[in-house]
There are 2 protein chains.
Amino acid sequence: MPRSTRHDPETTVRRAAHLFWERGYHACSLKQLETALDMRPGSIYAAFGSKESLFRAALMAYYEQLHQGMTQVLASHERVLDGLAAYLRQLAVEATMQPDNEEAAPVPACMMVKTLLEATVDTPGLEDTVNDLFDRIERDLTTTLETARDQGELAADVDCARLARLWQAQIMGLRTFAQRRVDAEVVTLLAEDMIQAMPVT
Amino acid sequence: MPRSTRHDPETTVRRAAHLFWERGYHACSLKQLETALDMRPGSIYAAFGSKESLFRAALMAYYEQLHQGMTQVLASHERVLDGLAAYLRQLAVEATMQPDNEEAAPVPACMMVKTLLEATVDTPGLEDTVNDLFDRIERDLTTTLETARDQGELAADVDCARLARLWQAQIMGLRTFAQRRVDAEVVTLLAEDMIQAMPVT
DNA sequence: ACTGTATTTGAGCGATCACTCAAGTTATAA
DNA sequence: TTATAACTTGAGTGATCGCTCAAATACAGT
């Protein structure tokens with residue numbers, strides 16, 4: 001008997017993620033979300049419950065996409081450190097192309113980082129969620145590096161958790177820097193300098 | 001004949017900076033500012049004109065403090081690269097102590113970075129201001145490095161602008177990473193790993 | 001003490017905020 | 001075809017937003 005949904009939940013969340021990613025949580029009004037999702041407030045609240053719940057769903061979707069992209073690049077390189085270098089180069093490219101369609105990044109900076117810096121004590125749900133996602137990435141990268149170490153790619157005494165966090169901080173720094181009004185080449189050169197600086201052990 | 005001001009402008013701006021730094025631009029309401037400044041809306045608007053103007057004044061004050069702190073650390077070390085390493089260590093320390101008084105940092109992350117990521121097309125004044133401040137820091141650091149290079153501390157072929165941006169990105173990465181819920185030691189180790197990674201040329 | 005002026009006050013402005021819900025709509029099962 | 005349940009609508013909720021301004025206040029010069 002039930003009626004099927006008019007809106008595909010995945011598409012809805014993806015569109016919300018795009019707007020939240022571009023403008024941040026507080027600067028996104030429900031009016032703007034209604035327009036972006038082509039849904040009226042009643043539908044939005046029936047489907048997601050609150051603006052914060054919708055944001056969390058959007059952030060999770062963003063994370064999934066990010067994680068998948070990173071995993072793909074790492075998997076396509078023999079050595080993990082080569083994969084990380086390639087990933088940093090890819091981020092530099094993505095950060096320096098202007099957003100031409102709705103699939104591309106609306107801004108250079110990472111939505112997770114933007115959320116990390118925008119969350120306050122008034123939005124504990126956002127803090128918890130974003131911290132959990134950063135933990136996941138750190139653990140995932142640590143495990144990947146440990147596998148590489150056990151296979152002899154890295155020296156046996158390398159602290160993979162520290163190395164993972166060093167790379168994570170490079171990614172944060174690169175994409176945040178790219179949010180500045182700078183030429184594309186500056187971002188590209190920064191990525192190369194970061195890659196050059198990272199330990200090759 | 002005129003009446004003198006009851007509020008010291010510098011103190012007022014410093015208090016506003018503290019609140020804006022902690023909560024960001026959009027999450028700060030005028031009600032909260034009224035409490036923090038102990039001023040009523042009429043006084044605030046007579047003195048600063050708008051919330052955005054007050055924020056820009058606060059951001060400028062933050063920058064001045066930041067610039068002064070960095071300059072002091074750099075000046076107290078013979079070699080510039082040693083000074084930058086010391087500055088990174090100082091940031092790690094500051095980022096990992098809980099804010100006990102109103103002088104201390106309310107959050108680990110940099111207010112300029114938070115502003116850079118929070119600004120949108122709706123707040124062009126913030127984008128312009130924060131980009132100008134990042135440019136100033138980059139130029140200042142570039143000049144400092146060039147002086148060091150000309151004095152033989154760095155190799156003659158070093159691109160000081162690139163090196164300055166690499167260090168700026170490290171600072172961004174460190175303080176943004178420190179906003180995560182992580183142990184103090186993790187931030188300290190990250191700073192050490194960054195210092196280790198930076199070119200010694 | 002008195003006057004003049006810069007500063008401060010706080011009630012209140014229209015606009016917008018996130019959100020609700022009764023009514024309408026539509027796809028599916030009987 | 002009809003009944004039913006899920007979905008969607010959109011006017012409207014009280015609260016809060018950034019901000020204004022006429023009146024009150026307090027200091028400096030006479």
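- Counting to the nearest Å, the P atom of D:dC17 and the CG atom of B:L33 are 11 Å from each other.
- In this view, A:E127 satisfies the salt bridge (Lys or Arg N to Asp or Glu O under 4.0 Å) rule with no residue, not counting sequence neighbours.
- One atom, NE2 of B:H7, and another, C1' of C:dT8, lie 7 Å apart when rounded to the nearest Å.
- Not counting sequence neighbours, B:R139 has no partner by the side-chain hydrogen bond (donor to acceptor under 3.5 Å, both in side chains) test.
- Using a 4.0 Å cut-off between charged nitrogen and carboxylate oxygen, A:R175 and A:E94 do not count as a salt-bridge pair.
- For residues 107-126 of chain A, every residue pair satisfying the salt bridge (Lys or Arg N to Asp or Glu O under 4.0 Å) rule, not counting sequence neighbours, is listed here: A:D122-B:R23.
- When the P atom of D:dG18 is taken as reference, atom NZ of B:K31 falls 9 Å away, rounded to whole Å.
- Considering only the side chain of A:R40, D:dT9 comes nearest among D:dT9, C:dT8, C:dC17.
- Per the geometry, CG belonging to A:D122 stands 14 Å off C1' belonging to D:dT16, to the nearest Å.
- Atom-to-atom, CG of A:L126 to P of C:dA18 comes out at 13 Å; the value is rounded to the nearest Å.
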Every protein N/O within reach of nucleotides 19-25 of chain C N/O, cut-off under 3.5 Å:
{"residue": "C:dC19", "atom": "OP2", "partner": "A:Y45", "partner atom": "OH", "Å": "2.5"}
{"residue": "C:dC19", "atom": "OP2", "partner": "A:K51", "partner atom": "N", "Å": "2.9"}
{"residue": "C:dC19", "atom": "O5'", "partner": "A:Y45", "partner atom": "OH", "Å": "3.2"}
{"residue": "C:dT25", "atom": "O2", "partner": "A:R3", "partner atom": "NH1", "Å": "3.1"}

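- Looking at which nucleotide of DNA chain D each of B:C28 and A:D38 is closest to, the 5′-most match is held by A:D38.
- When the side-chain contact (heavy atoms from CB on, under 4.5 Å) test is applied to A:N101, the partners found at least two apart in sequence or on another chain are A:E103, A:A104.
- When the side-chain hydrogen bond (donor to acceptor under 3.5 Å, both in side chains) test is applied to A:R181, the partners found at least two apart in sequence or on another chain are B:D128.
- Rounding to whole angstrom units, CE of residue A:M39 and C1' of C:dA18 are separated by 16 Å.
- Remark: C1' of D:dC19 and CZ of B:F48 are 16 Å apart, rounded to the nearest angstrom.
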